[in-house]
Structures are given as C-alpha cells and as structure tokens.
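Quick notes on the structure that follows.
In what follows, every chain begins at residue 1, and chains take the letters A, B, ... in the order their sequences are listed.
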Amino acid sequence: MLSVQQVRKTFNPGTPNEVRSLQAVDLTLEEGSFVIIIGTNGSGKSTLLNAVAGTFLVDSGAILLAGRDVTAWPEYRRAGMIGRVFQNPFSGTAPNLSIAENLALAARRGLGRGLTWALNKKLRTEMRETVRSLGMGLEDRLDNIIGSLSGGQRQALTLLMATWLKPKLLLLDEHTAALDPKSADQVIHLSSQIILRDHLTTLMVTHSMQQAVNLGDRLIMMHRGRILHDFQGAEKRRLRVNDLLGRFEEVRRADLLDESAAEMLRRMYV
Amino acid sequence: MSLLIGALTIGFILSLLALGVLISFRIFSFPDITAEGSITLGAAVTAAMLVKGVNPLVATAAAVLSGFLAGAATGVLHTRFKINGLLSGILVMTSLYSINLHVMGRSNIPLMSARTLVTYAEHLGRLLLGGADNVSVAGWEVGARDVSVLGFSFVAALLVGLVLFTFFRTDLGTAMRATGDNSQMVRALGVSDADMIVFGLAVSNGLVGLAGALLAQYQGFADVQMGIGMLVWGLASVIIGEALVGVRQLGYLLAGAVMGSVLFRLMVAIALRWGLDPNDLKLITAAFVFVALILPGLVDKMRTRSAAHA
C-alpha cells in the first residue's frame, strides 16, 4: 500500500543547524497493516510521517502510495488518499466553524468542491449517528463552534474526520500526547476501534511504550534518521514494555560510547 | 434631510467595500491594501466605458471583473512567489495607480451627461413613485431622485449580502472560510489553501471594484485619487459592524458589515455638519480603527488584573 524507498531529507543544509532527519529510509507497508513507530526525540519519526503526507518534498528517494508515485505531489493532492490526525488537537479542526461544517469539509476530502450546499439533511443524519458513537454527547451540539470543545473532544472529531471517507493510509502523529490521560485513553480506544473495523492501513507515531506494545501488528524503532529495529508478527506480539526500554538503553549506551570515544580521540590527538 | 439620505446611500454603496474587506481581513486575516487600487480601478473602468456609451450594466460588470483580476494578482504574488501579504498588496496597488491613469486617459472623468445605473434607478423610481418630484417620508419632503437612488443602493447591498451568505455555505465557500481559520487542516483535507487565498482575494476585490463602479456613478465622476484611505474606511465599517452585532457568526458578520458601513457614513456626515475639517477625516478614522483594534486587548488585561485582585 505504501512504499518508502531510500528517502532522504536534510533540513537547513549547509548551515550550522543542519539536521539529517531521514537517511535513506526504506519502508513497505502491506495493505491493512497497523504499524507503530517509536524513537528518541529527533529520531525522524514525525519527519517520516510528514514526508509521506507531503508536508515537504523529500531530497531524494521515492514514495509510492497505492501503486502511484506521489513523490512530487503537493500535500493537498496526497490528502485524497491520506487521513491525518496531528499531535496538536487544535491542528485538525477549524475553530470558528461548527462541528457540522468541519465534518462536512471532511466528507469531501480529496473530492471536488463546488457550489452545492455544504450541509444537507442526509449528511446531517449521518453525522448525528456517527458523532453519537463517540459517546460524548456532541450529537446535539453539531451547530456549536468547534473552538468551544475540549482538546480530547476535538481530537476525537479529527479522528472521525480523517476516516470519514475511508483513507488508503491513516497517519497518526502522537495524536494523544497532548491530551490528559483519560481523554488519551478514549482517543486511543476509538482509534483502534476504527482501524480494526475498516481494516485501515495505519502508520502511528507514539511516545507511549504501553501503546506501542498493545497496539498494531508491527513496530518500528527509529534513531537518528534510520530504522533501527523492525518487529513483525510473533516477535511483535511477544514484545513487552521492558524489552523496548532495553532497546532504548542500548541506543543510549551506543550514543554515549560514540561521544566518549570522540572525546577520547579529541584529547589524544587535538 | 437630503444630507441624511446622501449619507445612507454612500453607506450602502461602500458596504460592498466593507464586505470585500470583511472577506480579506476577517476570513483570511489578510490585510489586503489592494482594495485602495481596485476601488479606483472599478470606478475608472466603469467611467471610461460609460463615456463611450457602453451599457451601464456591462460597464459595472467589467468593473467587478477588473477588481477580481487585481485581487487574484495579489493572491498569486503572495502564494506562488511567497511575497509578504501586505507587500503583495502594496505592489499591486501601486501598479494599479498607473493602470488606472491609462484606463481613464486622464486623472478625472466626469459622468454628468452619461447614462448610468443611477440614472436608470432614477427613472425606475419616478415610475414607481407616480412621477412626483418630491415625496414625503415621515413628514419630510424629499426628492424622488434621492429616494430612488437610496433604494437602489440598498437593494444592491442586500443582494450582494445574500449572495455571499449563500456562497459561504456551499462546499467551496465553507472550504474558503476554513482556510482562513486553519490552513494546515484544509490542506490535510485535500484543498489547496493557495488556490483558496487567490480566489478569496479575487472575490474580495471584485466586490471592492463593484463598490467603486457604483460610487463613481453615484457621485458623477471617477478620480484617480478616490481610493486613498478606503481600506481604513472599510476596516472601520467592519469593526463597527462587529460591535453592533456582537456575534461572530457568518450571517451576523455580513449584516454587521453593511450596518457598520451605513452607521460610519452617518457619523461622518454628522461630524462634518458640526464643522469637522474634512481634511482631518482620514486621521480621525485611522485613530478610531487604532483604538478599536487595541481596545479588546486592553479590556482583557484589565479584566485579568481585576480578577487577580479579587
């Protein structure tokens, strides 16, 4: 479904702030697979998601989505195939528009937009039903401005919007990191419910080891712009939080070793 | 009384400007100074065509189209070439000054003898009012001409307001409103925010061009200087309108801009009647907009301060 081939991305090239965010990343996702990405800060996990979404164009390599080469496509064009939920609950909804208007925008993701009414009776009925399934009581507040809702409610609605039309690929970028624990639980529960129900091909970045272990059928660990580990099938199912922490400790030691080795070389030769 | 009717008429005509400014400034948060050039452009195009004997409806439509193109130019400079929004507007506004002189061929075109939409409105009004030269409104004798033109400008503002209200509730219009609200989300839902900004600024300046066309026909001339200060007048109308309606919902905002424009014109007429020097008008308007822009912030600060004391 998704194929990322030898993708590289460097930010601020040629300056002291140069960051090699993605270094020849290769990743192939089967249709219907649910892949979790974890990694240290600055490991390139969010950058990988944004590269797939088209937030920026990559320096080299290719990105194929549903058999089409989308490497040069602008973000809005890829959006016809991709549903997204961002880390910031305020990023996924338009605050001054009503709940219904936001959902109506999502109901035409990737389709043409002309001079027909954004809202009609049929769509409204559909909205009431779907929003009721959230169990947040929002179905009676469809005409309220979305800016008046809590972060958790907005994130749940963003999730509904991203999956209103079944996307070829769902991108979740630490979408519970900014929520309180209870809302985070709710949103995670809802996410896995929708993903399993619609068999969505999903790429989810998370900070939570618990989520990484409990969810998904494949887990990828990134470090310094590369894929370090790729756990699939039975190996992924056996994985526990402690295993992951162990892997992170290994990475940390290797980094320390790198730094102390560099320090030693400096002292000896400079 | 005719002073009052004149103020109301200009208020309704310039409410089209206010609606244009509402779109660029409130919906897209884009301070679009192109308006100062495109209102003159609308007037210039209409006047140049009217003196050549072109049908007033065609001439007015041409003004809308020219404003539309001017706005699109600003949008393209900003989105395709990544030029700062204010600067894009300044570039287009400055170029329009030369273009307007070319369109008119001189700096001022009088329309005294030309057939215009306003003379049409006067004829129609005379028919409707039974041919009388004067009618009595609430006990005052007023000219039938003045009343007809006021009615015409009111209908124009009402029609444009209704069209906008309808448009902003379509798929395209909703996407446009969302663009100003959250462009990241709009891109993630498959809409090119750049295209939306270009189209939105085009619509905004099309309305401003229409305001210019009607203003020229009403006051009987087009002048290359007539656009100066117009953006601030539009802003003042939008801000007064928001204060009047208090709610930031689509229908209220549109109605508010029209009401704000009319109220602003009335205030100006009264101030001038009381002996305000017309030269000070723009200074005072700018000061008013300044106060209106900082006031909400100051009120918030005072509120938090008094809450902290309590």
Is there a side-chain contact between B/T174 and A/W117, using heavy atoms and a 4.5 Å cut-off? no
Residue pair A/R113 / B/L189, side-chain heavy-atom distance below 4.5 Å: yes
Looking at chain B, which one of A/P95, A/A106, A/G80 has the largest number of heavy-atom pairs inside 4.5 Å, strictly under? A/P95
Do other residues, nucleotides or ligands put more than 12 heavy atoms under 6.0 Å from the CZ atom of B/F167? yes
Picking from A/S91, A/A53, A/A162, which has the most non-hydrogen pairs under 4.5 angstrom with chain B? A/S91
Which atoms of B/S183 come close to chain A, meaning under 4.5 Å heavy atom to heavy atom: side chain ones, backbone ones, both, or neither? neither
Other residues, nucleotides and ligands only: do more than 12 of their heavy atoms fall within 6.0 Å of CZ on A/R132? yes
Residue part contacting chain B, namely of A/T93, when any heavy atom lies under 4.5 Å: backbone
More than 12 heavy atoms of other residues, nucleotides or ligands under 6.0 Å from CD of A/E126: yes or no? yes
Residues A/E101, B/R177: salt bridge by 4.0 Å N-O rule: yes
When rounded to the nearest 0.5 angstrom, what is the spacing between CZ in A/R84 and CD in B/Q184? 6.5 Å
Separation between CD (A/E75) and OG (B/S192), nearest 0.5 Å, reads 10.5 Å
Closest non-hydrogen contact found for B/A178 with A/L105 is CB-CD1, 3.4 Å
Taking side chain to side chain contact (heavy atoms under 4.5 Å, CB included) as the criterion, tell me which of B/N182, B/D181, B/L250 meets it with A/L97. B/D181
Out of A/R77, A/R108, A/M81, A/R78, return the one with the most heavy atom pairs under 4.5 angstrom to chain B. A/R108
Give a yes or no on this: more than 12 heavy atoms of other residues, nucleotides or ligands lie within 6.0 Å of atom CZ of B/F288. yes
Under a 4.5 Å cutoff for heavy-atom pairs, which residue among A/G110, A/G114, A/G147 has the most contacts with chain B? A/G114
pair B/M185-A/N102: side-chain heavy atoms closer than 4.5 Å: yes
Between A/L111 and chain B, with a heavy-atom cut-off of 4.5 Å, which part of the residue counts as in contact: side chain, backbone, both or neither? neither
So, the part of A/F86 with a heavy atom under 4.5 Å from chain B: the answer is side chain
State, yes or no, whether a side-chain contact exists between A/L115 and B/L172 at a heavy-atom distance under 4.5 Å. yes
